[in-house]
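By convention here, the first residue in the shown sequence is residue 1.
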Amino acid sequence: MAAVMYVLTLLSCSTAYVVGDAMLPEGRYAQGDPLPALFGIAASFEVAAVLGLAVGTLVRHSAGAVTTVIGLLLLPSLFGPLFGNAERWIAGLSPTAALEKLTQTSDAAADTVGSLGPWPSLLLVAACTAGVSLAALLLLRRRDA
């Protein structure tokens, strides 16, 4: 599932980049090297898909799993500003923060999405996802053995 998600996202993002680049007037917008961002965005979507699979395995209820994953993806960014100075740490742990950093949006300032760079942020989210996946694997073996 992770490999299929990575390939599909990489193809989709690459196509969107080529189409967008063709539509924008030349020289008007500054562009960096697109390849690191495209690979990172594909990896970010892959991590989110694996997180969804792990949470679905843990919860074993489709509506509960979807709600939990959406909460894990969006709530840190939404509720981060409520925590004052801790906002950058709370919002910076969400997978959407890694995605914002990789796409270099204006919302990706260090005070709102943490001071980690895009790749360390993605690695942190991937490590958390690996932990949830390991817990799901252990519970699946214990519960369904």
Which atom of Ser44 lies closest to which atom of Leu122, heavy atoms considered: CA-CD1, 3.8 Å
Considering all heavy atoms, the nearest Ala42-Thr9 contact: CA-CG2, 3.6 Å
From Cys13 SG over to Phe45 CZ, what is the distance, rounded to the nearest 0.5 angstrom? 6.0 Å
The criterion is side chain to side chain contact (heavy atoms under 4.5 Å, CB included); which residues satisfy it with Pro36, sequence neighbours excluded? Asp33, Trp119
Return all side-chain donor-acceptor pairs below 3.5 angstrom for residues 52-75, not counting sequence neighbours, or 'none' if the list is empty.
from: Thr57; atom 1: OG1; to: Leu53; atom 2: O; distance (Å): 2.9
from: Arg60; atom 1: NH1; to: Asp144; atom 2: OD1; distance (Å): 3.2
from: His61; atom 1: ND1; to: Gly64; atom 2: N; distance (Å): 3.2
from: Thr67; atom 1: OG1; to: Ala63; atom 2: O; distance (Å): 2.8
from: Thr68; atom 1: OG1; to: Gly64; atom 2: O; distance (Å): 2.7

Group every Ile, Leu, Val, Met, Phe, Trp and Tyr by side-chain heavy-atom contacts under 4.5 Å, then state whether Leu51 and Leu139 land in the same group. yes
Which donor-acceptor pairs under 3.5 Å do the side chains of residues 128-138 make with protein atoms, sequence neighbours left out?
from: Thr129; atom 1: OG1; to: Val125; atom 2: O; distance (Å): 2.9
from: Ser133; atom 1: OG; to: Thr129; atom 2: O; distance (Å): 2.9

Side-chain heavy atoms under 4.5 angstrom apart, residues restricted to Ile, Leu, Val, Met, Phe, Trp, Tyr: same cluster for Tyr6 and Leu35? yes
Determine which pairs satisfy salt bridge (Lys or Arg N to Asp or Glu O under 4.0 Å) with at least one residue from residues 66-86, sequence neighbours left out, and list them in order. none
Tell me every residue that passes side chain to side chain contact (heavy atoms under 4.5 Å, CB included) with Ala49, counting only those two or more places apart in sequence or in another chain. Met1, Met5
Rest of the hydrophobic cluster containing Leu123 (Ile/Leu/Val/Met/Phe/Trp/Tyr, side-chain heavy atoms under 4.5 Å)? none
